[in-house]
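Only one structure is covered here, and it is reproduced in the block below.
Chain letters run A, B, ... following the sequence lines, proteins first, then strands; residues in each count from 1. These figures come from a predicted structure and were not determined experimentally.
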Number of protein chains: 2
Amino acid sequence: MSATFAALWAEIAPIGRTAGGGYLRYAFSEPELALRDWFRAQAARRELAVTEDGNGNLFAWWGSPWGPGTVLTGSHFDSVPHGGGYDGPLGIVSAFLAVDEMRARGVTPARPLAVAAFVEEEGGRFGVPCLGSRLLTGAITPGKAAALRDRDGVTFSAALGADPVGALDELAHVSAVVELHIEQGKALVDVDAPVGVASAIWPHGRWRMDFTGDGDHAGTTRMADRHDPMLTFAYTVLAANKEARLAGAHATVGRVEAEPNATNAIPSRVRGWLDARAADSATLDRLVEAVVKRAVDRAGRDGTQVNVEAESVSPEVAFDTDLAARLAALLGGVPILPTGAGHDAGVLSGHAPTAMLFVRNPTGVSHAPAEHAPDADCATGVTALATVLEELTCR
Amino acid sequence: MSATFAALWAEIAPIGRTAGGGYLRYAFSEPELALRDWFRAQAARRELAVTEDGNGNLFAWWGSPWGPGTVLTGSHFDSVPHGGGYDGPLGIVSAFLAVDEMRARGVTPARPLAVAAFVEEEGGRFGVPCLGSRLLTGAITPGKAAALRDRDGVTFSAALGADPVGALDELAHVSAVVELHIEQGKALVDVDAPVGVASAIWPHGRWRMDFTGDGDHAGTTRMADRHDPMLTFAYTVLAANKEARLAGAHATVGRVEAEPNATNAIPSRVRGWLDARAADSATLDRLVEAVVKRAVDRAGRDGTQVNVEAESVSPEVAFDTDLAARLAALLGGVPILPTGAGHDAGVLSGHAPTAMLFVRNPTGVSHAPAEHAPDADCATGVTALATVLEELTCR
């Protein structure tokens, strides 16, 4: 099984990989389109009919599309820029292999099974994570999604080739969702288990912080005369880190853009994005409030302005407790654990009983080239997913 | 004269201007090439022969190119990104108009006069300011300049269309250099004078600071497990500001690039550029040393690494004292003042007696769209430049 996994994995491993080992698989970019073609070929090889939902999401069907009791599995192809190759694709590759294993076991599903590839899960191109599953479930309106722009000004509609259609009524026929994903921490390493089941996703969000001041010459402007937004930005980065530590939460500023971004010019604007997550919504709200307050205080001292806007905020997702317990028991008592990462499964969990399987990640690193899961653990993940899908489609 | 200036200025004002009012006139970009064409047309209109020096610099000649006692004037066309339209072009437009005024006065120069357009003065595209004048004077080797790359990986050689040739022996024939430039502070406003003469350029330089850490997932990585280079960068930005204030010097971090620059990823690398300037080299050295020490200390606490490399360092330029006094007296006792900004004239000052004329800037703003000089002051600058060039070419 480990060799079978490795062989299929090798087909997609080079797609979108950069010289530094990280991946550039933005939604609808050339590599992501190649992965979509690969998806269609895999479906054809297994005689699974492929449908699109008018929102950029693909589904490969074993059984009647959107028939009663449909079970959804799969994940996404897109990566964060220069991220790892497992986050997303592992769930899709494992789903196709789980279909093979179910067939090898002689399983005949009583309900339709769909392998899904959701679009723009990372929000790396259009800024809103889980955009495909949000559209499918109606969590974002088609109009709002249509107008989202990438860094080059291309709209989501233009990239999709049409306006998205939004929520599908057929979603009501879904009886269960299971997404398999590489773990993005070291909890499974700590308990020495190759596979686990998710309990919850921390509430989380991203906030765009615009710091504006007065652009001027770096050489000739007296320090006392400056209104430099880079200072306010820098202070806010450190404040976010301190406040997150105090709150037992997570805060990160991983993206920054300065204007004009010239060595010899005081910037007129610095834009930073705050990613914040906490175990509960009250803590998350307090954290963001504290960071914004400190940013505004500092802006007052720097003579700059700061404006903070939420780009996306996801409340806590508690996965179906009964389903998680049932699947963990089915898999021989594997551990049940929470995660700080958002997933399409989190968006879908409001519409059908939803579960996630995690596969062990030896370093815990994710969203970076070192992200990795051993073939043997991935094979264990495929077997576990096949067992779970058999249970959900047959019983 | 004010109307004459305004008319010629209007010819170039739209070239490379963006919707925000700032200019994008990178070396060899479409707008800068358009300005070079305009330069040739202006030279032709005045029957001035144009030569190139094999380094990207243009010269329009009144008299025999590089003949004995050549007097150089002019400036540069390139801008910092989204900078003002006066920094550079004012010196070239004023030079052509000064030729007209000298001719109107019936002046017949005894020595050749060249109007120069130096390439890549801002270092906005290839990172090394005054690249054209550095090549011409041998302050940078052609091999090193050839290999410089812009943000898209294009080399200077590729942009130039050939390898640069480097220092010209003919430079030995230059008897004087005069660059007219908009003032980039408010010293002339303070003393209520439209034109002044430069005494010195502060020593200054730019240092590339590479902060490296461990890229990882922003949602799932515990705060205690992080090695986030954005924190070290942010601390260093604030430290540079504090140290510069303590030293009575200038320090700016106006350019930053994060990798992978994704909202939901802890960066693996943040690159920031430090621009530092001081009234004397000892102060500048102490300032940079103090900033680097604080960056390294903080990197130790963050578990990150920092590497600082000087991209260019320019020692103090004391312009020719006798020449400055002579020109200030010739212009009726205009003020003599130092500046924190680097200029091609500073690079050339090691090779010939060199002077600069500054034109009043009401707001003192430079390297930003608000950079501006009134037409009347610009006209006064043209007259002053004509008087100075007449003195230098005839006496």
Chain A neighbours within residues 358-366 of chain B, where any heavy atom lies under 4.5 Å away: B:Gly364, B:Val365, B:Ser366
Who pairs with B:His82 by ring pair (Phe, Tyr, Trp, His ring centres under 6.0 Å), at least two apart in sequence or on another chain? none
Greatest number of non-hydrogen atom pairs under 4.5 angstrom with chain A, of B:Ala368, B:Ala244, B:Pro81, falls to B:Pro81
Residue among A:Arg222, A:Glu371, A:His204 with most heavy-atom pairs under 4.5 Å to chain B: A:Arg222
Looking only at A:Asn241, A:Asp216, A:Thr252, the option with the highest number of non-hydrogen pairs under 4.5 Å against chain B is A:Asp216
Separation between CZ of B:Arg226 and CZ of A:Arg245, rounded to the nearest 0.5 Å: 8.5 Å
Determine the option with the most heavy-atom pairs under 4.5 angstrom with chain A, choosing from B:Gly127, B:Ala234, B:Ala224. B:Ala234
Any side-chain to backbone donor/acceptor pair from A:His250 onto B:Gly219? Under 3.5 Å, distance only. yes
Residues two or more places apart in sequence or in another chain: which of them pass salt bridge (charged side-chain N to carboxylate O under 4.0 Å, His left out) with B:Asp302? B:Arg298
Working to the nearest 0.5 angstrom, can you tell me the gap between A:Asn261 CG and B:Arg151 CZ? 5.5 Å
Output for pair (A:Phe233 CZ, B:Phe233 CZ), nearest 0.5 Å, gives 6.5 Å
Top contributor to chain B contacts, counting heavy-atom pairs under 4.5 Å, from A:Ala276, A:Gly215, A:Gly342, A:Ala262: A:Ala262
Mind ranking A:Pro369, A:Ala187, A:Ala251, A:Gly123 by heavy-atom pairs under 4.5 Å with chain B and telling me who comes out on top? A:Ala251
Could you state the interatomic distance from NE2 (A:His367) to OG1 (B:Thr221), rounded to the nearest 0.5 Å? 9.5 Å
Heavy-atom pairs under 4.5 Å with chain B, option from A:Gly84, A:Ala341, A:Ala249 with the top count: A:Ala341
Best-contacting candidate, A:Val237, A:Val80, A:Leu231, against chain B by heavy atom pairs under 4.5 angstrom: A:Leu231
Anything under 3.5 Å between a donor and an acceptor, one on a side chain of residues 264-274 of chain B, the other on a protein residue two or more places apart or in another chain? List them.
from     : atom 1 : to       : atom 2 : distance (Å)
B:Asn264 : ND2    : A:Glu122 : OE1    : 3.2
B:Ser268 : OG     : B:Glu259 : O      : 3.4
B:Arg269 : NH1    : B:Asp210 : OD1    : 2.8
B:Arg271 : NE     : B:Asp210 : OD1    : 2.7
B:Arg271 : NH2    : B:Asp210 : OD1    : 3.3
B:Trp273 : NE1    : B:Glu311 : OE1    : 3.3
B:Trp273 : NE1    : B:Glu311 : OE2    : 3.2

Run B:Thr220 and A:Arg277 through side chain to side chain contact (heavy atoms under 4.5 Å, CB included) and show every step you take. CA-CA 9 Å; B:Thr220 54; A:Arg277 322 209 184 197; over 6 Å; no
For the atom pair OG1 (B:Thr263) and CZ (A:Arg255), what is the distance rounded to the nearest 0.5 Å? 5.0 Å
Between CD on residue A:Glu243 and CE on residue B:Met223, distance to nearest 0.5 Å: 11.0 Å
Between A:Gly254 and B:Ala258, the two heavy atoms sitting closest are O-CB, 4.0 Å
